[in-house]
Structure formats: C-alpha cells, structure tokens
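Every chain is numbered from 1 and lettered A, B, ... according to where its sequence line falls, protein lines coming before strand lines. Since we're looking at a predicted model, the values are computed, not measured. All values below come from the heavy atoms of this structure, side chains included, with hydrogens, waters and symmetry mates left out.
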2 protein chains.
Amino acid sequence: MDKSYSVLNQLLVDIFNDILLIEQNALKSGELSDISITEVHAIEAIGKSSERTMGEVAQDLKVTMGTLTIMVDKLIRKGYAERFRSEEDRRVVFVRLTKKGELVYKLHERFHHEMIRSIIEGLSDEEEKILISSLEKLKEFFRKKYDLILRKE
Amino acid sequence: MDKSYSVLNQLLVDIFNDILLIEQNALKSGELSDISITEVHAIEAIGKSSERTMGEVAQDLKVTMGTLTIMVDKLIRKGYAERFRSEEDRRVVFVRLTKKGELVYKLHERFHHEMIRSIIEGLSDEEEKILISSLEKLKEFFRKKYDLILRKE
DNA sequence: TCCTTTATTTTGATTATCAAATATTTTTAA
DNA sequence: TTAAAAATATTTGATAATCAAAATAAAGGA
C-alpha cells in the first residue's frame, strides 16, 4: 500500500532471513563444526530441564517421535546426549545432555544473549518500548489468526 | 540480563517459531495443499519480475543451481512455472510464473500485507518511524556482525 | 580454431522428516 | 484377573530439500 508497508515488510523479511542464515552458519564456522542447527535446537529442547521424556521433547520441537528417535540417536553417537528408561514406567525413555551437550546449550544461549544485547544497546528507552510492543502485536496477530496451527502447548 | 533482555528474546524466539510453523501449515490446510513452503518461496523469487534467469533466482534463494533446477522441475510439473531458453544467449534459461503461479504469489503477498497491517494498526506516525528505525538498526547489526555469512547479494 | 569462461543440468550423495507398522508396558473394564 | 485398549517409543519405508562435483552446452577470446 504505502511506503511504510513495503519498508516494514522488507525489513522483517530481511531480518528473518538473516537470523536463519546466521544461526545456520555461526555453527559451521565456529567452534562446533560437527553439529547442525537442527541439532542445536534439539539440544536446546532437551536441556530445558535436567531430564525429559522423548514425548515431551518431541512435542516441544513439534516433530514426531520417530523423527526425534533418530535425532537423539545421532546426538548420542556424537556424545551430546544420553538416554535411559524410566524405572517407574518402563515405557518411557528419558533423555538428558552430557557435559559436552551442556556446553553447546550454553554457547547457544550466549549467542542469543549477544544478539539481544546488541539490539538493545543501540536503542533509546523509548525505542526499546516501541520495539517490544510492536513485536508483541506481531505475535498476537499470529496467535489469533493461526490459533489452530499454533495451539500445541 | 535484565527484563528487557528476556522479554525481547522470548518475543523473537516465539515469533520466529510461529512464522515458521504458520508458513509451513497455512498452506497445507489452505487452498493450495499441493505446495510446500519452500516452493512458495521459490515462487516468490521467480515472481519478483516477469522473467528471471535460473542464476538470478538461485542467488536470491541462496541455493545452488542444482537445487534450483530440481525445484523448478517440480514447479513446472505442478503447473506453477514455465521455463524457456534465451534467444540472445542460448546458455541462459528463463523461468516465469504461470497464471496458477501468479495466484500463489498474490496469496502470499496478501499474507504479508495483512501481517504488516496488523502491526502498524494502532501505532502513531511517530511510533511507526521509531519502529522502522529500530528494525533498521537490528538489520544493520546483523549485516555488520555477520558480514561474511550474509554477504551474497 | 581451440581454449577458457559462463550458465545450467545431471548424478550421487546426505539430512530431515513423516506416517504406518511393530514392540513393550501400563491401564482399564468385563 | 485377564483380555482388550491405551500409552510410549522405535523401526521401517518413503519423500523433500539440499549440496558438491561431474557433465553438457554455448559464448567469447587469443
């Protein structure tokens, strides 16, 4: 429609693509070159608490359990996670991070930290507020509009 | 660190995941169920101008030409695009959208439109300006910091 | 004309993913 | 209390998306 529209749209599209690319590549060129962005996200989900069941993690990542089984197999093979059966209910399987996995978890956390800090750094208090409330609106828009798809938690 | 940090971080993460999921699913459940999100992005890149070469589109999408060849094959098979050789330089191949492809292009455009409208709605002119400049800073940060990775245009 | 460069496609992998089938354990209900 | 149903996970058999390297074809010099 007007200028604001296309400027904003382009900004959002660009930033979105940037983040995607950065996350993908920051790893490869970084200290942990044997690990993919998907694997980092799995590690993130596993590390959210000390022990999680396959089901919980799969739901969190929004993948099927079959997919997760394979992901976890690989993480174990690479030494980032371990898996063991519950004693109370022998159907359930727990996953947890190894020391090596924890390290990745922390590195990724640091990446986010740095990203956010650099955003905030350059903004005045007022700009910060507006940015936050705009993003809240954006999120609200998605949640309302795509309730069906997003409702999962 | 402080509150702003975690609020912003969570917002960005949420929005990010939402967009990913929505784009992925909005299609399946919608009018165009035979088309994937990747394909829509390809259609978007192809539709940017009336005729584009394989090379241009591949660069735009940041995939290899081999990958694009396969993507375009499929789009053609499904009737969303067509391909023909240049007469001036018979090495180059042009791609363009069919009527059916244009339709998808417009639907996706509408999605973006609506998204942006929902953000702008409720912002004063002043706030709108601030939002835009904040996002510009954010983009600038990425471009500077991750120049190596992002430099491709 | 032959060599080099450019534009694309083909080939042969790998990774991420799903749905359906299978295996095991627990829960329920007759 | 035991047979059927439900829950939790894994395995299997596909398909998507992707890449790098090899092959193809055309253009542009020297």
J.: Could you give the distance from CD1 (B:Ile120) to CG (A:Asn9), rounded to the nearest 0.5 Å?
T.: 9.5 Å
J.: Out of curiosity, B:Leu131 CG to A:Leu12 CG, how far, rounded to the nearest 0.5 Å?
T.: 7.5 Å
J.: Distance check needed: D:dT10 P versus A:Met71 CE, whole Å only.
T.: 14 Å
J.: Can you tell me how far P of D:dA17 sits from CG of B:Asp73, to the nearest Å?
T.: 13 Å
J.: Could you measure the distance from the CD1 atom of B:Ile76 to the CZ atom of B:Arg83? Nearest 0.5 Å is fine.
T.: 4.0 Å
J.: What does A:Glu88 touch in the nucleic acid at a heavy-atom separation under 4.0 angstrom: a base, only the sugar-phosphate, or nothing?
T.: sugar-phosphate
J.: Apply the syn/anti split at 90° from 0 to D:dA6 and say which one it is.
T.: anti
J.: Return the value, rounded to whole Å, for the distance between atom NZ of B:Lys78 and atom P of D:dT15.
T.: 13 Å
J.: Going by an N to O cut-off under 4.0 Å, is there a salt bridge joining A:Lys78 and A:Glu39?
T.: yes
J.: Write down the distance between CG (A:Leu68) and P (D:dT10), rounded to a whole number of angstrom.
T.: 8 Å
J.: D:dT18 phosphate, OP1 or OP2: any side-chain N/O from B:Lys62 under 4.0 angstrom?
T.: no
J.: Expressed in angstrom and rounded to an integer, what is the separation of B:Leu75 atom CG from D:dA16 atom C1'?
T.: 13 Å
J.: Distance under 4.0 Å to a non-hydrogen atom of chain B counts as contact; along DNA chain C, which nucleotides mark the start and end?
T.: C:dT6 to C:dT10
J.: Taking any heavy-atom pair under 4.0 Å as a contact, classify A:Met54: base, sugar-phosphate, or nothing.
T.: sugar-phosphate
J.: Would you check if the side chain of B:Thr98 reaches a backbone N or O of B:Gly79 as a donor-acceptor pair within less than 3.5 Å?
T.: yes
J.: Here's a test of your reading of the structure: between A:Lys74 and B:Glu56, which maps to the more 5' nucleotide of DNA chain C?
T.: B:Glu56
J.: Charged N to carboxylate O below 4.0 Å: is that the case for B:Lys139 and A:Asp18?
T.: no
J.: I'd like to know if A:Glu127 pairs up with B:Lys137 as an ion pair, taking the criterion as any Lys NZ or Arg NE/NH1/NH2 lying under 4.0 Å from an Asp or Glu carboxylate oxygen.
T.: yes
J.: What bend angle does the helix from C:dA16-D:dT15 to C:dA30-D:dT1 show across its length, from five-pair end axes and to the nearest 10 degrees?
T.: 10°
J.: Quick one: on DNA chain C, does B:Met65 or B:Ile70 contact a more 5' nucleotide (nearest heavy atom)?
T.: B:Met65
J.: Expressed in angstrom and rounded to an integer, what is the separation of A:Arg91 atom CZ from D:dA7 atom C1'?
T.: 5 Å
J.: Is it the case that over 12 heavy atoms from other parts of the model lie below 6.0 angstrom from the CD atom of A:Glu126?
T.: no
J.: Under 4.0 Å, counting only non-hydrogen atoms across every strand here, what does B:Gly55 touch: a base, just sugar-phosphate, or nothing?
T.: sugar-phosphate
J.: Looking at B:Thr67, does any N or O in its side chain come under 4.0 Å of the phosphate oxygens OP1/OP2 on D:dA17?
T.: no
J.: Nearest 0.5 angstrom please: A:Glu51 CD to A:Leu97 CG, how far?
T.: 11.0 Å
